Amino acid sequence: MPHPFRLYNTLTRQPEAFEPIEEGKVGLYVCGNTVYSDAHIGHGRAMIVFDMVVRHLKARGWDVTFVRNFTDVDDKIIAAAAKQDVDPLALSAKYIERYREDAAALGLVEPTVEPKVSETIDGIIAMVAALVERGHAYENDGTVWFAVDSKDDYGKLSGQKVSELRSADVGSKRNPADFALWKAAKPGEPSWPSPWGEGRPGWHIECSAMSKEHLGNTFDIHGGGLDLVFPHHENEVAQSECATGQTPMARYWMHNGLLTMPSGQKMGKSLGNVHLIRDLLAEYPHEALRLYYLQSHYRSPLPWDPATGVQMDEALAMLARLYEAREVAEEMGGKEPAADVVASLGDDARRLWELGNEFESRFLAAMDDDFNTAQALGLAFELARALNRFANHKKAKKRGGPVVAPALAGFKLLGPSLGLLDQACDDFLEEVKVKRLGAMGVERSDIEALLADRATARSTKDWARADAIRDELEAKSIVVMDRTDGVQWKIRLATAE
RNA sequence: GGCACCAUACCCAAGUGGUUAAGGGACGGGUUUGCAAAACCCAUAUGCGGCGGUUCGAAUCCGCCUGGUGCCUCCA
């Protein structure tokens with residue numbers, strides 16, 4: 001039996017207990033990208049947030065049908081293609097490919113289906129025809145408009161009133177708030193034959209058609225960015241409910257918060273402050289970006305300062321802390337019964353044992369309560385601290401294994417639900433070195449040569465020379481750690497003031 | 001003008017009616033170390049933008065105010 005969970009529903013503006021339409025199943029539709037350029041960190045948040053949702057629900061035993069679409073026919077694609085003098089569908093195909101590369105690099109779970117507008121034209125035409133037939137839409141010169149006045153509760157998702165909307169030109173529309181379901185073809189644009197002549201879908205209709213095709217007239221959860229609530233999702237609701245005659249289109253609406261820029265800046269290519277996912281992942285492990293997103297609640301605004309890069313360094317340091325704590329625990333041995341070890345190793349052992357045993361229920365409770373990843377991660381750090389504290393005991397390494405077993409089991413939950421701690425510590429640390437050194441333009445062989453010199457100096461207790469070399473490494477942002485089990489080094493990370 | 005949302009320590013950030021307000025980072029002190037680093041310990045918000053109100057009790061509910069954000073021409 002799947003475990004129950006709560007989620008905030010944009011439709012009702014409050015948290016609710018999830019009630020599936022079909023027992024044990026979750027149908028989830030998430031608005032994917034309009035593919036005319038590479039995905040940036042803003043898109044990344046939505047990608048990671050819904051990846052986390054899907055992961056966690058699966059981990060909790062739900063049978064999830066996850067639909068994430070590609071909008072590959074759209075005004076902006078056409079405009080970008082015209083500018084580059086390429087075919088619009090070829091352009092979108094290229095960026096679908098690149099989106100998939102980014103998704104894989106981010107470690108996203110694969111959607112159950114990834115429909116495209118260009119492959120859903122029949123469904124779209126059928127839906128538009130149904131809307132015309134039912135009197136919710138009208139045609140004018142080959143363009144079909146949705147009549148917002150035809151739906152009494154138009155605006156119920158976003159709380160907008162048609163009469164209060166600030167609207168531009170009316171054009172051939174009856175009401176300024178009416179929106180295009182089908183657009184008459186212009187020369188050079190991709191188009192398909194329809195009952196209203198050659199044309200292409202409007203912006204919102206594709207999601208209505210694709211969600212209906214893959215999830216049915218009414219489905220469980222619809223997700224997307226907060227900026228899509230109006231008009232995109234509002235219009236989807238209107239189209240779907242009017243076309244099928246069934247209400248609601250989706251029972252729960254989940255919206256992720258947006259990245260916020262410092263002092264009212266907007267992120268934009270023209271401003272030169274767009275961070276592409278692929279550029280970031282060249283310099284940082286993907287889990288660092290994931291941790292950065294998940295350390296705050298998915299609905300909260302999340303600050304991003306493109307100038308500093310501090311947020312990624314901080315996230316990376318946090319991630320390393322978790323990996324290293326887990327590594328410490330994994331290296332502990334011993335085969336005594338846990339109770340005996342706990343009894344003989346004192347309060348820190350007892351505290352860790354208790355925290356470890358409580359962890360699963362507390363972690364899952366946080367996740368089940370509207371996906372509170374911030375709280376869940378806080379628990380993981382609390383566990384890491386208790387673990388490190390226990391590890392300070394002389395006998396912990398030889399005998400501590402049984403005591404840390406529950407904590408290790410706890411860390412294992414971060415993979416299935418959050419997509420974190422999903423690799424071996426050594427692999428992770430190696431990835432950090434490769435990516436950070438590359439980003440800083442530091443040659444690894446230089447570091448290794450300096451480390452070798454320093455080892456020689458230390459072996460003869462030439463401390464002055466050893467410290468001089470360490471200063472030299474420090475200047476390259478390399479931190480040296482002399483440990484009992486050998487010398488290690490790592491990259492100095494930036495920290496917030 | 002309309003709709004929606006946000007404001008918790010030096011920074012980031014959980015907590016939405018009831019024990020000492022999670023967690024991460026910075027700063028300071030300590031244990032440890034050849035010295036460091038890492039790790040750990042201690043200290044750090046009688047306080048949750050401001051003012052009222054409801055309540056035995058509020059960061060948490062209500063009202064007003066201040067400041068900020070998103071959307072209302074297609075942006076996750």
Side-chain angles (χ1 to χ4, degrees), chain A residues 10 13 15 30-34 39-50 71 74-76 155 157-169 176-177 179-180 202-204 223-232 234-235 255-261 263-264 266-268 291-292 295-297 299-303 310-311 313-315 317-318 320-321 324-325 328 348 366 372-393 458 461 463-464 466-467 470-471 474 479-484 487-490 492-497:
Chain A
T10 306
R13 309 275 168 204
V30 175
C31 285
N33 281 24
T34 300
H40 57 64
I41 47 160
H43 302 118
R45 187 177 192 193
M47 292 161 86
I48 293 293
V49 162
F50 288 104
T71 296
D74 167 89
D75 289 359
K76 290 203 300 192
L157 178 66
S158 61
Q160 299 285 350
K161 289 191 191 71
V162 172
S163 57
E164 300 292 348
L165 293 176
R166 184 185 279 170
S167 43
D169 52 297
F179 54 92
W203 176 35
H204 317 293
L226 205 50
D227 53 345
L228 293 180
V229 175
F230 191 90
H232 185 54
E234 191 68 61
N235 291 349
H255 290 101
N256 65 275
L258 307 179
L259 256 50
T260 56
M261 306 288 281
S263 64
K266 280 280 264 187
M267 186 162 57
L291 179 66
Y292 167 69
Q295 54 179 319
S296 66
H297 188 88
R299 240 177 315 105
S300 305
L302 182 59
V310 167
Q311 46 265 41
D313 268 12
E314 271 191 354
M318 290 171 80
R321 185 174 161 77
E324 283 164 2
V328 164
D348 290 343
N372 194 336
T373 55
Q375 192 172 74
L377 281 169
L379 293 168
F381 283 103
E382 192 181 15
L383 189 63
R385 179 149 45 83
L387 208 156
N388 284 329
R389 182 171 178 160
F390 170 65
N392 283 339
H393 286 250
R458 289 187 78 225
K461 295 195 195 287
W463 305 126
D467 289 352
R470 186 168 60 202
D471 288 345
E474 182 72 35
V479 183
V480 182
M481 296 171 289
D482 300 324
R483 303 165 65 123
T484 52
V487 176
Q488 292 184 13
W489 59 278
K490 62 174 194 172
R492 158 88 57 210
L493 299 171
T495 52
E497 283 302 313

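Reckoned from all heavy atoms, side chains included, excluding hydrogens, waters and symmetry mates. Keep in mind it's a predicted model, so treat the numbers as computed, not measured. Proteins come first, then strands; the chains are lettered A, B, ... in the order of their sequence lines, and each starts at number 1.
Comparing G2(B), C5(B), C40(B) against the side chain of Q160(A) picks out G2(B) as the nearest. Considering only side-chain atoms of N392(A), the nucleotide from C40(B), G34(B), U69(B) that sits closest is C40(B). Side-chain atoms of R458(A) lie closest to G34(B) of the nucleotides G70(B), G2(B), G34(B).
As judged by a 4.0 angstrom heavy-atom cut-off over every strand, D467(A) is placed among the base-contacting residues. Nucleic acid contact for K461(A): none, since no nucleic acid atom lies under 4.0 Å from a heavy atom of the residue. Residue R45(A) is out of contact with every strand shown, counting any heavy-atom pair closer than 4.0 Å. Within 4.0 Å of V480(A), counting heavy atoms only, lies at least one base atom of the nucleic acid. At a threshold of 4.0 angstrom between heavy atoms, the contacts of L228(A) are confined to the sugar-phosphate backbone, with no base atom among them. The residue N388(A) sits close only to the backbone: its heavy atoms come under 4.0 Å of sugar-phosphate atoms, none of a base. Here D74(A) lies in heavy-atom contact (under 4.0 Å) with sugar-phosphate atoms only.
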> In B/S/- notation, 5' to 3', how is nucleotides 14-23 of chain B contacted by protein heavy atoms closer than 4.0 Å?
Replying inline: SS------BS
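Pairing partner, A7(B): U66(B), with both Watson-Crick or wobble hydrogen-bond distances short of 3.5 Å. Searching all strands for a Watson-Crick or G-U wobble partner of C40(B) with both distances below 3.5 Å returns G30(B). C48(B) makes up no base pair with any nucleotide shown, lacking Watson-Crick or G-U wobble contacts both under 3.5 Å.
Spacing between U20(B) and G25(B) at atom P, rounded to whole Å, works out to 26 Å.
For the pair W463(A) and G34(B), the ring geometry qualifies as stacking, because the centroid separation is below 5.5 Å while the planes lie within an angle under 30°.
Evaluation of atom-type donor-acceptor distances gives a pair under 3.5 Å for the side chain of R470(A) against the base of C35(B).
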